[in-house]
*Asks:* 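Dropping a structure here in structure tokens format, bear with me for questions.
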Amino acid sequence: MTTPPRRFTGGTLVIASHNKGKVREIAALLGPYAASFVSAGELGLPEPEETGTTFIANAELKALAAAKAGHVALADDSGMVVPALNGDPGIYSARWAGPEKDFQMAMGKVEDGLKGQTDRSAWFVCALSLAWPDGHVETVEGRCPGTLVWPPRGAHGFGYDPMFKPDGHDITFGEMDPARKHEMSHRADAFRQLVERCFK
Ligand SMILES: O=c1nc[nH]c2c1ncn2[C@H]1C[C@H](O)[C@@H](COP(=O)(O)OP(=O)(O)OP(=O)(O)O)O1
Ligand SMILES: [Mg+2]
């Protein structure tokens, strides 16, 4: 017998992220399901060290750390996996941009690594974890496959979006209207699963 997933029954939801681009996307995706939310940054919650070795482990530790403040918390751990770089930057996607969060530089590092490689495929991963103050967690993982282009194109989105062209499309996430990114992104894929599990 498997236990059924725990559901979110209302109240304030904490978005356990310090990344403004992500908080904006999560708020848009979550709009219909949670009446009020507040970000970890707004609450002044500390940014836990991401010591996990998987997206799921890091999403869970961020959600559990935020839920200690007393509200259900939702964390997102995400990144871009590049097979030709042996899976990098992967869970280190934020760290590749350094303390200045310089994604021009991080994208340049990815492109340097691809020199002489023919495989320019990549995929984004998004692990979403919903944690309760009693330590219960529900976690899902979404994906979005694509190809890396150079030079980067477009000013929408955040992070590696300007160099990522999702499969089946001719424009990058950086060039794409946010509403369209939300129809096909790794974050949207994970959200669909989480909504099915915990918000219906
Ligand atoms: O849709 C995306 N479009 C472009 N780049 C993306 C996306 N999704 C994740 N990424 C890259 C950049 C981000 O900085 C990193 C996540 O790292 P990750 O540790 O999960 O987030 P973070 O440190 O920026 O904020 P926080 O941990 O407070 O939620 O992967
Ligand atoms: Mg982080």
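Here, residue 1 is the first one in the sequence, and each next residue gets the next number. Both ligands and their constituent atoms are indexed starting at 1 by order of listing.
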*Asks:* Relative to ligand 1, is Lys101 under 4.0 angstrom through side chain, backbone, both or neither, heavy atoms considered?
*Replies:* neither

*Asks:* Could you tell me if the side chain of Val38 sits less than 4.5 Å from the side chain of Ile15, heavy atoms only?
*Replies:* no

*Asks:* With atoms numbered from 1 as shown, which atoms in ligand 1 lie under 4.0 angstrom from a non-hydrogen atom of Ser17?
*Replies:*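 The list of qualifying atoms is 25 (O), 26 (P), 28 (O), 29 (O).
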
*Asks:* For atom 30 (O) of ligand 1, what's the nearest protein heavy-atom neighbour? Residue, atom name and distance, please.
*Replies:*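 Of the protein heavy atoms, Ser93 CB, 3.3 Å lies nearest.
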
*Asks:* What protein heavy atom is closest to atom 25 (O) of ligand 1, reported as residue, atom name and distance in Å?
*Replies:*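 Result for atom 25 (O) of ligand 1: Asn19 CB, 3.4 Å.
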
*Asks:* For Asp76, which of Arg187, Lys62, Glu25 qualifies under side chain to side chain contact (heavy atoms under 4.5 Å, CB included)?
*Replies:*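 With Asp76 as partner, Arg187, Lys62, Glu25 yield a single side chain to side chain contact (heavy atoms under 4.5 Å, CB included), made by Arg187.
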
*Asks:* Considering only the protein, which heavy-atom contact is closest to atom 3 (N) of ligand 1, and what is its distance?
*Replies:*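 Going atom by atom, the protein heavy atom closest to atom 3 (N) of ligand 1 ends up being Asp161 OD1, 2.6 Å.
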
*Asks:* Please check: side-chain N/O of Glu175 versus main-chain N/O of Pro162, any donor-acceptor pairing under 3.5 Å?
*Replies:*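 Checking the backbone N and O of Pro162 against the side chain of Glu175, no donor-acceptor pair under 3.5 Å is found.
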
*Asks:* Side chain, backbone, both or neither: which applies to Phe173 and ligand 1 if a contact is any heavy-atom pair less than 4.0 Å apart?
*Replies:*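 Within the 4.0 Å criterion, Phe173 makes no contact with ligand 1.
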
*Asks:* Under 4.0 Å from a heavy atom of Lys181: give me the atoms of ligand 1 that qualify, with their elements.
*Replies:* 1 (O), 2 (C), 3 (N)

*Asks:* May I ask you to identify the nearest protein heavy atom to atom 23 (O) of ligand 1, giving residue, atom name and distance to one decimal place in Å?
*Replies:*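 Going by distance alone, atom 23 (O) of ligand 1 is nearest to Ala94 CB, 3.5 Å.
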
*Asks:* Please check: side-chain N/O of Ser93 versus main-chain N/O of Gly90, any donor-acceptor pairing under 3.5 Å?
*Replies:*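 Indeed, once roles are kept as given, a pair shorter than 3.5 Å links the two residues.
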
*Asks:* Just to be sure I read this right, does ligand 1 sit under 4.0 Å from the backbone of Phe103, its side chain, both, or neither, counting only heavy atoms?
*Replies:*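 The part of Phe103 near ligand 1 is the side chain, not the backbone.
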
*Asks:* Mark up the atoms of ligand 1 that fall under 4.0 Å of a heavy atom belonging to Asp76, in ascending order.
*Replies:* 20 (O), 29 (O)

*Asks:* Between Phe164 and Cys144, is any pair of side-chain heavy atoms under 4.5 Å apart?
*Replies:*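 Yes, side chains in contact.
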
*Asks:* Consider ligand 1: state whether an atom of it lies below 4.0 angstrom from any non-hydrogen atom of Met80.
*Replies:* no

*Asks:* I'd like to know if the side chain of Asp189 reaches the main chain of Arg143, judged simply by a donor and an acceptor atom lying under 3.5 Å from each other, with no hydrogens or angles considered.
*Replies:* yes

*Asks:* Provide, to 0.1 Å, the distance between atom 11 (C) of ligand 1 and the closest protein heavy atom, together with that atom's residue and name.
*Replies:*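 For atom 11 (C) of ligand 1, the nearest protein heavy atom is Tyr160 CD1, 3.8 Å.
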
*Asks:* Who's the nearest protein heavy-atom neighbour of atom 19 (O) of ligand 1, and how far?
*Replies:*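 The answer is Glu50 OE1, 2.9 Å.
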
*Asks:* Under the 3.5 angstrom rule, does the side chain of Arg197 hit a backbone N or O of Pro5 as a donor-acceptor pair?
*Replies:* no

*Asks:* Is any side-chain heavy atom of Val14 closer than 4.5 Å to one of Leu74?
*Replies:* no

*Asks:* Is any side-chain N of the basic residue among Arg192 and Glu196 closer than 4.0 Å to the acidic one's carboxylate O?
*Replies:* no

*Asks:* Give the residue, atom name and distance (to 0.1 Å) of the protein heavy atom nearest atom 28 (O) of ligand 1.
*Replies:* His18 N, 2.8 Å

*Asks:* Classify the contact between Lys22 and ligand 1 as side chain, backbone, both or neither, using a heavy-atom distance cut-off of under 4.0 Å.
*Replies:*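 The part of Lys22 near ligand 1 is the side chain, not the backbone.
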
*Asks:* So if I count the atoms of ligand 1 from 1 in the order they appear, which ones are less than 4.0 Å from some heavy atom of His186?
*Replies:*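 Close to His186: 1 (O), 2 (C), 7 (C), 8 (N).
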
*Asks:* Can you tell me if Gly79 contacts ligand 1 (heavy atom of the residue under 4.0 Å from the ligand)?
*Replies:* yes

*Asks:* Hey, are Ser17 and Asn19 close enough side-chain-wise for a donor-acceptor pair under 3.5 Å?
*Replies:*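 No.
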
*Asks:* Which of the listed options, Ser78, Cys126, Pro48, holds the heavy atom that is closest to atom 9 (C) of ligand 1?
*Replies:*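 Going through Ser78, Cys126, Pro48 one by one, Ser78 has the nearest heavy atom to atom 9 (C) of ligand 1.
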
*Asks:* Not counting sequence neighbours, which residues clear salt bridge (charged side-chain N to carboxylate O under 4.0 Å, His left out) with Asp112? List them please.
*Replies:*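 Applying salt bridge (charged side-chain N to carboxylate O under 4.0 Å, His left out) to Asp112 gives Lys115.
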
*Asks:* Can you tell me the protein heavy atom closest to atom 8 (N) of ligand 1 and the distance?
*Replies:* Arg187 NH2, 2.9 Å

*Asks:* Does any N or O in the side chain of Gln193 come within less than 3.5 Å of the main-chain N or O of Val140, such that one atom is a donor and the other an acceptor?
*Replies:*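 Not at all, since once roles are kept as given, no pair shorter than 3.5 Å links the two residues.
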
*Asks:* When rounded to the nearest 0.5 angstrom, what distance separates OG in Ser39 from NE2 in His18?
*Replies:* 7.5 Å

*Asks:* Examine the side chains of Glu60 and Ser129 and answer whether a donor and an acceptor come within less than 3.5 Å of each other.
*Replies:* no

*Asks:* Any atoms of ligand 1 less than 4.0 Å from a non-hydrogen atom of Lys62? List them with their elements.
*Replies:* 18 (P), 19 (O), 20 (O), 26 (P), 27 (O), 29 (O)

*Asks:* What protein N/O/S atoms are found closer than 2.8 Å to the Mg ion (ligand 2)?
*Replies:*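 N, O, S partners closer than 2.8 Å: Glu50 OE2.
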
*Asks:* Could you tell me whether the side chain of Glu138 and the main chain of Arg6 form a donor-acceptor pair under 3.5 Å?
*Replies:* yes

*Asks:* Between Phe124 and His186, how do the two ring planes meet: parallel, tilted or perpendicular, split at 30° and 60°?
*Replies:*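 Ring orientation, 0 to 90° scale: parallel.
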
*Asks:* Based purely on interatomic distance, does Asp77 place a nitrogen or oxygen under 3.5 Å from a nitrogen or oxygen of ligand 1?
*Replies:*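 Yes: some nitrogen or oxygen of Asp77 is under 3.5 Å from one in ligand 1.
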
